[in-house]
Amino acid sequence: MLRPFVTIALALAFAAPVTAQVGPVAVQPEVTPFKLGKLDLLALRDAAQNAPNDNKIFGVDQSPAAVDAVLAAAGAPTGQIALSVNVLLVRTGGHLVLIDTGYGAPRGIFAASLAKAGIAPAAITDILITHGHGDHVGGLASAEGASNFPKAVIHVAAKEWEAIKAAPANARLVAAIGAQVQAFEPGATVAPGITAVAIDGHTPGHSGYRISSAGKSLLAIGDSAHSYVISLAKPGWAMGFDRDRALGAASRTAMLANAAKSGELLFSPHFPYPGLGRAAVKGDGFVWVPVK
Ligand SMILES: [Zn+2]
């Protein structure tokens, strides 16, 4: 006769309000090694934060109650949306490749995670940038305006690089890294076994990256999705950070549909660390299936 008690206890646990602080969340340096075909990869931790549920970022065309209902249905805390900041490192064909660089100091601890992995910044040969927002390019330069990865070629989609250069707020960053940037067109091979995949809508030249080895592949999705709950359950909902919200929603939905169909491994900079998993169809949306 234990079963009814267990059921009631679980029901009470899920009914109890789960609240969490909105804002930055302290994290420790973390390194997660994994294999993709014959390649060695590392997920690295930079930061974490809880975004407010105020319809300015998630579900901007919805109500906070509608967003909370989706969070609660997934068993996630309501009232805020958890976001991680993760970076990917790939060893391929003699190259040591980073995909994005997180916030960088002082907000992010990516440098400490890289040190924990035993990798010196000067050993990085290539950096693939998904887009020019601070939580992806912040780690490229120091507060004093020096390049943090002086030996690396920094690969950026041509349209994105033009947009980065056009923003006055990026002047210090552009001065620090400009000489290292190599702009590319969508679909380009940017490192051995790695191709750029345009996923439009978030920024002018937002790019994912597909890494392939020995019949396996991984798509680094950049900011085509942000919340492992909301972006998957409701991919068509407008996202406040998307420059073109309709295009961003269409790209997100198409990317997830392709990933659910192929079963391809995904890496997200903003899903729970280490950001690795697969998308599966659930109802009229998708669900995140993490891979540890
Ligand atoms: Zn981002």
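First listed ligand is number 1; within each ligand, the first listed atom is number 1.
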Under 3.5 Å, which donor-acceptor pairs link side chains of residues 165-177 to any protein atom two or more places apart or in another chain?
| unit_1 | atom_1 | unit_2 | atom_2 | d |
| --- | --- | --- | --- | --- |
| Lys165 | NZ | Glu162 | OE2 | 3.4 |
| Asn170 | ND2 | Ile164 | O | 3.0 |
| Arg172 | NH1 | Ser142 | O | 2.6 |

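Residues meeting the salt bridge (charged side-chain N to carboxylate O under 4.0 Å, His left out) test with Asp200, sequence neighbours left out: none.
Taking the six-membered ring where tryptophan is involved, the planes of His270 and His226 are essentially parallel, since the angle between them stays under 30° and well short of 60°. Using cut-offs of 30° and 60° on the angle between ring planes, the pair His136 and His131 is tilted.
Under the 4.5 Å side-chain criterion, counting only non-hydrogen atoms from C-beta, Thr203 is not in contact with Arg243.
Using a 4.5 Å cut-off between side-chain heavy atoms of Ile, Leu, Val, Met, Phe, Trp and Tyr, Ile109 falls into a hydrophobic cluster with Val27.
The count of protein N, O or S atoms under 2.8 Å from the Zn ion (ligand 1) stands at 4, with waters excluded from the count.
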